[in-house]
Amino acid sequence: MPRYDPHSIEPRWQEYWERNKTFRAVEDTSKPKLYVLDMFPYPSGEGLHVGHPEGYTATDMYTRYQRMRGFNVLHPMGYDAFGLPAEQYAIETGTHPGATTERNIANIRRQIKRLGFSYDWDRELATTDTDYVRWTQWIFLLMYETWFDPDAEWTDPDGRRRRGRGRPIDELPVPPGVRAQGEESVRRHRDLFRLAYQAEAPVNWCAALGTVLADEEVINGRSERGNHPVQRLPLRQWMLRITSYADRLVEDLDTVQWPEPIKEMQRNWVGRSEGAEVDFFAGEPGPDYAEWRAARSRRGYPDQPDALSIRIYTTRPDTLFGATYMVLAPEHPLVDRLTSPERKQEVDAYRQRVAAMSEEDRITGRGEKSGVFTGGYATNPVTDEMIPIWIADYVLISYGTGAIMAVPGHDQRDFEFANKFGLPIRAVVMPPQSWLQKMQVRQEDYAGRIGSLSEAFVDEGQGMQSENEDVSLDGLPTPEAKKAITRWLGESGLGTAAVKYKLRDWLFSRQRYWGEPIPILHELDADGKPSDLTVPVPDAELPVTLPEMEDFKPTGHPGGPLEKAVSWVHTRVDGREMRRETNTMPQWAGSCWYYLRFCDPRNETLAWDPAKERHWMPVDLYVGGAEHAVLHLLYARFWHKVLFDRGKVSTMEPFRRLINQGMILSITYRTAEGRIVPYTKIDFHEGKAIHTETGEELSGETEKMSKSRGNVIPVDVPLQQYGADTTRLYEMFMGPIEDTKPWSMQGVEGISRFLNRAWRMIVDEDADELRLNSKVVPPSGPEGEPTLEQLRTLNKTLKAVTADLEALRFNTAISRLMEFVNFFTAQKARPAVCMERFVLMLSPLAPHLAEELWLAMGHSDSLAGARWPDFEEQYTRDDMMEVPVQINGRLRARLLASSSASREELEQAALSDPKIRKHLENSAIRKVIVVPGKLVNIVAG
RNA sequence: GCGAAAGUGGCGGAAUUGGCAGACGCGCUGGACUUAGGAUCCAGUCCCGCAAGGGGUGGGGGUUCAACUCCCCCCUUUCGCACCA
């Protein structure tokens, strides 16, 4: 075997690893454990392009390295296989989504295996496997059987006191009044608190997809998949109470090693804000108002607003004196009551117009404020002024209380609205000088000119014009003013401190076929219609599998396609007729817990064995794309916390460390007319891209890979041309994992050359069979002892590569190995000891080649079990070094000096250097800075 | 608009704590070997300059003996969020 031939080497070693189950993970308590996980792929019909395996390559190199370091490694792979594309394809062609999915999985499995990754294939799973679906449904039912107790106090595994946790639904306190009304009443009470519950909610209805979508799946009013318009509709849906976990989802971010931007995105998504709720009297000042106020002072602030009040939420209670009008969301339930008869027509028209608007229209219409006056008035509780109540679509029903106090002086939206509709604007916060200067207004003119300024002052300042008989905020800095007014509101029974979140509960139903059926049965009423009472599918009957169907088309109404499977829908439990839930789970469900199933994937009686979960969890390193920063990662964390609260898992967070691989871009080549030219028709020559047919020189641009651009590079392309090791190395050599970087076919060539050079450094290329290069000398032979220089190169490389692999800096590790090969290729005698260490260093990166070289060096078994070589510190340092000498920070000379030379010696040597003396001829030395082992800098002038 | 990240040769990128900017690779130039080279090997390659020397890490300012690195202002690009009171 003379030449390096990856196409013969690679399949051979892949078979060897597979046959010997080299990478099977077996719990071994004698070693430290390491769980390294890739975000598993969705098996699309297109297969993988070169961007997909970037993360897989990094984790493979890392786990191969850590196995050599003695870790007990779990490194599995699977498929996130439910989802819309297979179903859309089914609708178009009639092919069962299961068949499509299976075919796609087979293709992706082939591609992944071809890259020689060290997964434990015995743990492979797909979220569509029936024995996986079973446990996905089991977790759903666990949520159904859980309520969140916000007052429960407990101590977390880190020893901190915490508040709020999920508990079994049987432990939910039932008020005696409810219990007295019987079992059905108790059930309804429980249904109000379950983590998985049904609710009539305004949902994102996508007519084109025939389904409801989660907020996260809607981008700018259009569906994330397919870019179809989305409308708001009220529908009865399954929801998961993720909002109960909002605080814990934010707090526990501090305990994980994730990229700060991702943590920030999650915090923003949860969107916690602190402020106050305030009740406004829904009427004019007068005797009724006085009576209401008196009652409030006596009884305090109620949990639910009384019939006479409008409850608002604000983050700026300190601006209460500036509230000159109120706005309710058009959907707010009080609107009808507050609207005066003469305004009714206009109000109704506005509400209808808003309701009919698509999400997209709402977004594009944003900025230009719209709204109508209801004719109703409220009373500002600190000024006792009568203020008008408006409705406007800039107030959202789904956030806070769906109503606001408008403070046009200090809120940009209110400011625009007030200016448009001529509402009064009052200054109640004095801005700092810098802002006044920017707006070109003097402090004494601020209050008078506030309405004519170009924008509102919305930051913190000092209270002004905020005083009545009871309370004064004048002169108080904003934080103090907030405290003062909140205290006053509490004492007056008008308000209380409150926390709100942008995060909404997770809409969990999909009107789709290709998903996990929601394992719930609806009880039927006397007429045989589904009542609102539900029971879980009994554990013994899980999983609920999808019925065989031929027509997968969306029905266009809330039942979804499963409604059509009549015999499946109707079932009986204990002789009672029941109707199955026909909605399915969203695609996110399966990926919420696959990392747990990987701990014990073949368990038939449990989702996982607790001992195995304790052994492997948490995931020590999780690698995947940043596109999952909020969706998948937030959902999975939520499920995990519920499982934790219910004692099913031992850790509070699933993923200890997270790394986001950057996107891999592609270079798109176009003709002068802008037509895209595929790679197969381009000749790369003299740094140019030449069209093979026309000879035209093409211009290349770095762009995102996409089908429409025709610049997708399937991973099979480099695999076929160069093999797995070259593909793997190039994936990493391009740059740091987390960076976005372009794939260059010419760059791959360089890696291929490197591996060829490494091959020839060790193997005799002219021999007929695998034989060592004659320059490789055994330890016993002449020149078999490495020279000092060789030892230094070897040990410096070892030290650097070890540090690089620890830190997942594969690009620089590869550079180091290139330098090693460059050095040793120039050596006439290459001691076998050095070559062997090199092969071990190369093995996590280019495992097939390394195995073959290992064989060439006379080993009979795989090097997968070999130990990572240690370096000797003494050989990582040189005794002599070049010391740069600067004058005023400019390099003027280099000295050759002992590495251990003292400050004085270096200064002496520098000052006596002829070049330096020449430069210093006409100037006086002021100071000499010597950094031993680094440089000398002479300050002169 | 808000939030975050990033700007280094023709290109991808290197540069522990502030200490020789441009490692390694691509591309390019010259040479060797060769029937041939888009294989391989050797040499060169930040910019200006024959050289001495000078300039240089998006732009401007600052701290420092010394700044790609730290601070301030600005510009550009990418990503995320987007009427969340």
Side-chain angles (χ1 to χ4, degrees), chain A residues 3 219-220 259-265 267-269 271 273 275 312-316 319 327 362-363 365-369 392-396 398-407 410-414 416-417 455 458 500-504 626-627 629-630 662-663 667 683-688 700 702 729-730 733-736 738-751 753-754 756-757 760 765 803 807 809 811-819 822 825-826 882-891 894 926-931 933-940:
Chain A
R3 310 267 303 241
I219 295 166
N220 289 333
E260 201 46 51
I262 301 292
K263 290 190 186 183
E264 200 50 36
M265 280 164 69
R267 285 189 200 106
N268 289 340
W269 194 265
S273 75
I312 61 101
Y313 172 72
T314 177
T315 53
R316 292 296 299 270
T319 61
V327 187
R362 266 199 170 202
I363 284 155
R366 192 182 50 208
E368 188 53 31
K369 295 281 178 292
D393 66 351
Y394 82 93
V395 174
L396 309 175
S398 50
Y399 182 75
T401 60
I404 61 157
M405 65 174 196
V407 183
H410 303 285
D411 181 286
Q412 188 59 26
R413 297 153 302 188
D414 299 342
E416 288 164 18
F417 193 82
E455 59 185 61
V458 298
K500 300 284 176 198
Y501 305 92
K502 286 202 278 188
L503 184 70
R504 314 283 152 80
E627 66 272 21
V630 278
M663 206 187 321
I667 302 167
D683 204 12
F684 294 102
H685 200 37
E686 293 180 349
K688 291 168 189 152
T702 303
L729 252 64
Y730 185 66
F733 188 66
M734 278 183 284
E738 308 203 54
D739 289 7
T740 299
K741 44 211 175 287
W743 181 279
S744 146
M745 274 304 178
Q746 293 169 71
V748 191
E749 187 74 40
I751 291 292
R753 268 179 235 166
F754 161 62
N756 271 288
R757 283 209 311 280
R760 288 195 304 270
E765 206 178 17
R809 291 187 302 246
N811 54 332
T812 47
I814 294 165
S815 296
R816 303 288 188 180
L817 294 178
M818 287 174 168
E819 287 176 293
N822 289 346
T825 301
E882 248 186 14
V883 180
V885 182
Q886 302 175 329
I887 295 175
N888 294 333
R890 309 194 152 272
L891 183 69
R894 292 170 201 276
R926 295 210 184 133
K927 198 170 163 189
V928 180
I929 286 135
V930 184
V931 185
K934 288 284 183 193
L935 55 45
V936 178
N937 190 13
I938 300 163
V939 188

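Just so it is clear: chains get the letters A, B, ... in the order the sequence lines come, proteins before strands, and each one is counted from 1. Bear in mind the structure is a predicted one, so any value in this text is a computation, not a measurement.
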Please tell me which of the listed nucleotides, [options], lies nearest to the side chain of [X]?
X	options	value
N822(A)	G25(B), A85(B), G3(B)	G25(B)
E882(A)	C20(B), G3(B), A85(B)	C20(B)
V931(A)	A85(B), G19(B), G55(B)	G19(B)
P261(A)	A4(B), C20(B), G3(B)	A4(B)

Review point. Below 4.0 angstrom from OP1 or OP2 of A85(B), is there any side-chain N or O of Y394(A)?
Key: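 It does not, given that no N or O in the side chain of Y394(A) lies less than 4.0 Å from OP1 or OP2 of A85(B).
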
Review point. Hey, are the side chains of V458(A) and R316(A) touching, using non-hydrogen atoms and a 4.5 Å cut-off?
Key: no

Check your understanding: U45(B) and U78(B): how far apart are their C1' atoms, nearest whole angstrom?
Key ->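 So the two C1' atoms sit 31 Å from each other.
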
**Study point:** P atoms of C26(B) and A21(B), separation to the nearest Å
**Key:** 25 Å

Listed partners of [X] passing side-chain hydrogen bond (donor to acceptor under 3.5 Å, both in side chains), at least two apart:
X	result
Y313(A)	S273(A)
K263(A)	none
D411(A)	R413(A)

Practice item. Can you check each nucleotide of nucleotides 57-70 of chain B against protein heavy atoms at under 4.0 Å and return B for base, S for sugar-phosphate only, - for none, in 5' to 3' order? Key: --------BS----

Check your understanding: Tell me, for nucleotides 11-17 of chain B in 5' to 3' order, what letter each nucleotide earns: B for a base near a protein heavy atom under 4.0 Å, S for only sugar-phosphate near one, - for neither?
Key -> -BSS--B

Point to revise | 5'-to-3' dot-bracket of RNA chain B (Watson-Crick, G-U; under 3.5 angstrom; crossing pairs as [ ]; | other strand) | key: (((((((..(((......[....)))((((((.......))))))(((....)))..(((((..]....))))))))))))....

Review point. R753(A) CZ to C42(B) P: how many Å, rounded?
Key: 13 Å

Check your understanding: Quick one: R267(A) CZ to G3(B) P, roughly how many Å, whole number?
Key -> 15 Å

